[in-house]
Amino acid sequence: MARTRIKVCGVTEEEHAIAAAEAGADAVGFVLSGRGPRAICPDDAYGIMSVLPPMVTAVGVYEDTTIDDFSDAEEACPTPYAQLSGREDAHLVKSCGPDVIKVVKFDAATFATELARWDALNEVCAILIEASDANGPFDWRQIVPFLEHTGKPIILGGNLNPTNVAEAILAVRPWGVDVTWGIEREPGVKDLALIEEFCLAVQGADRE
């Protein structure tokens, strides 16, 4: 039976990283660019990364970074994977590779083109789909037809939380899921109980 991988993103505290690992998370994301409530300096991220248990992967998360800033962060905190979440062009993605997780925001008008663009790039190892609907719950079934010719592993992200992640998994059967604000009690502050609930919901969906 296939198992859905779990990435807990926007971690800034060692306690939360360890809790994620113990709950079953496969990866922990550190926001190494920007100044938001989830941003963390590379030196602090490296300290947390160094205490992660074996087989739990660190991901450096960047948005509209420059290659110089990326290189500086990587020197201080060399993560196995880099997630690029902004409007990066192919040249920058290649420069940050290999093993780039490229974020694609769902827009029906451009989604097929963006998927094909990054699916064809060797430096991209997975595509993370961010999707939300301002008018209510997002219907994940609408993205399924777009994925028929996509060869890269698909990670679902966006508005996922413990109450809706199972529905998303059952609709799409992705390789992995990504959660950030859906396990927080306030912006940038993870809730240990919600981390556990999210991982349990993913595991429950895998059993169905």
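Residue E74 places its CD atom among more than 12 non-hydrogen atoms of other residues, nucleotides or ligands, all under 6.0 Å distant. Within a 6.0 Å radius of NZ in K105, other residues, nucleotides and ligands contribute more than 12 heavy atoms. Counting non-hydrogen atoms of other residues, nucleotides and ligands closer than 6.0 Å to CD of E167 gives a total of 12 or fewer. Residue R141 places its CZ atom among 12 or fewer non-hydrogen atoms of other residues, nucleotides or ligands, all under 6.0 Å distant. When the shell of 6.0 Å around CZ of F146 is examined, it contains more than 12 heavy atoms from other residues, nucleotides or ligands.
Within the 4.5 Å cutoff, the side chain of Y46 has heavy atoms near those of the P78 side chain. Using a 4.5 Å heavy-atom threshold, the side chains of L156 and I143 count as touching. For the pair I129 and F111, the minimum side-chain heavy-atom distance is below 4.5 Å. Proximity of K190 to I195: side-chain heavy atoms (C-beta onward) are separated by under 4.5 Å at one or more points. Counting only heavy atoms from C-beta outward, the side chains of V61 and S85 approach each other to under 4.5 Å. Contact annotation: the side chain of F198 approaches that of L160 to within less than 4.5 Å [non-hydrogen atoms, C-beta and beyond]. Between P162 and L194 there is a side-chain heavy-atom pair separated by less than 4.5 Å.
In this structure, the separation between CG on L84 and CD on E63 is 10.0 Å, given to the nearest 0.5 Å. Residue M55 holds its CE atom at 9.0 Å from CG of D26, rounded to the nearest 0.5 Å. Atom SG of C77 sits about 5.5 Å away from atom CG of L32, to the nearest 0.5 Å. Separating the CG atom in L170 from the CH2 atom in W140 is a distance of 13.0 Å, to the nearest 0.5 Å. For the atom pair CG of D64 and CG of D89, the computed distance is 10.0 Å after rounding to the nearest 0.5 Å. The line from OG1 of T12 to CG of D44 is 9.5 Å long, rounded to the nearest 0.5 Å.
Side-chain heavy atoms closer than 4.5 Å link hydrophobic residues (I, L, V, M, F, W, Y) into clusters, and following such links, possibly through other members, connects I169 to V144. At a threshold of 4.5 Å between side-chain heavy atoms, the hydrophobic network of Ile, Leu, Val, Met, Phe, Trp and Tyr places W175 and V100 in two separate groups. A chain of hydrophobic side-chain contacts below 4.5 Å, direct or via other Ile, Leu, Val, Met, Phe, Trp or Tyr residues, connects F70 to I40. Criterion: ILVMFWY side-chain heavy atoms under 4.5 Å apart, direct or through other members. Under it, Y81 and F30 are not part of a common hydrophobic cluster. Taking hydrophobic clusters as Ile, Leu, Val, Met, Phe, Trp and Tyr residues chained together by side-chain heavy-atom distances below 4.5 Å, V202 shares a cluster with V172.
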_Test side chain to side chain contact (heavy atoms under 4.5 Å, CB included) on I127 and I154; report intermediate values, then the result._
CA-CA 5 Å; I127 296 173; I154 295 296; 4.1 Å; yes
*Does the pair D119 and T150 meet the rule for a side chain to side chain donor-acceptor pair (under 3.5 Å), with working shown?*
CA-CA 6 Å; D119 192 42; T150 304; 5.0 Å; no
_side chain to side chain contact (heavy atoms under 4.5 Å, CB included) between L147 and L115, worked out_ = CA-CA 8 Å; L147 303 180; L115 281 179; 3.9 Å; yes
*Step by step, work out the side chain to side chain contact (heavy atoms under 4.5 Å, CB included) result for N159 and F138.*
CA-CA 8 Å; N159 290 341; F138 182 79; over 6 Å; no
*asked:* Could you go through V165 and V179, starting from their C-alpha distance and side-chain angles, then the distance that decides it, and tell me whether this counts as side chain to side chain contact (heavy atoms under 4.5 Å, CB included)?
replied: CA-CA 9 Å; V165 66; V179 63; over 6 Å; no
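Residue T180 comes nearest to C9 through the heavy atom pair OG1-CB, 3.4 Å, listed as atom of the first residue, atom of the second, then distance. E184 and P187 get closest at one heavy-atom pair: OE1-CA, 3.6 Å. The minimum heavy-atom distance linking A17 with I48 is given by the pair CB-CG2, 3.5 Å.
In this structure, the side chain of D206 engages the main chain of T4 through a donor-acceptor pair within 3.5 Å. Side-chain atoms of Q83 do not come within 3.5 Å of backbone N or O of G60 as any donor-acceptor pair. Panel note: side chain K152, backbone W118; no donor-acceptor pair is recorded below 3.5 Å. Looking at R5, its side chain does come within 3.5 Å of a backbone N or O of R3 through a donor-acceptor pair.
Using a 4.0 Å cut-off between a side-chain N of Lys or Arg and a carboxylate O of Asp or Glu, E114 and K102 do not qualify as a salt bridge. In summary, K7 and D178 engage in a salt bridge, as defined by a charged side-chain N under 4.0 Å from a carboxylate O.
Of the residues listed (I101, V8, V28, D99), the one engaging V59 in a side-chain contact (heavy atoms from CB on, under 4.5 Å) is I101, and it is the only one.
For T66 and D68, the side-chain atoms include no donor-acceptor pair closer than 3.5 Å.
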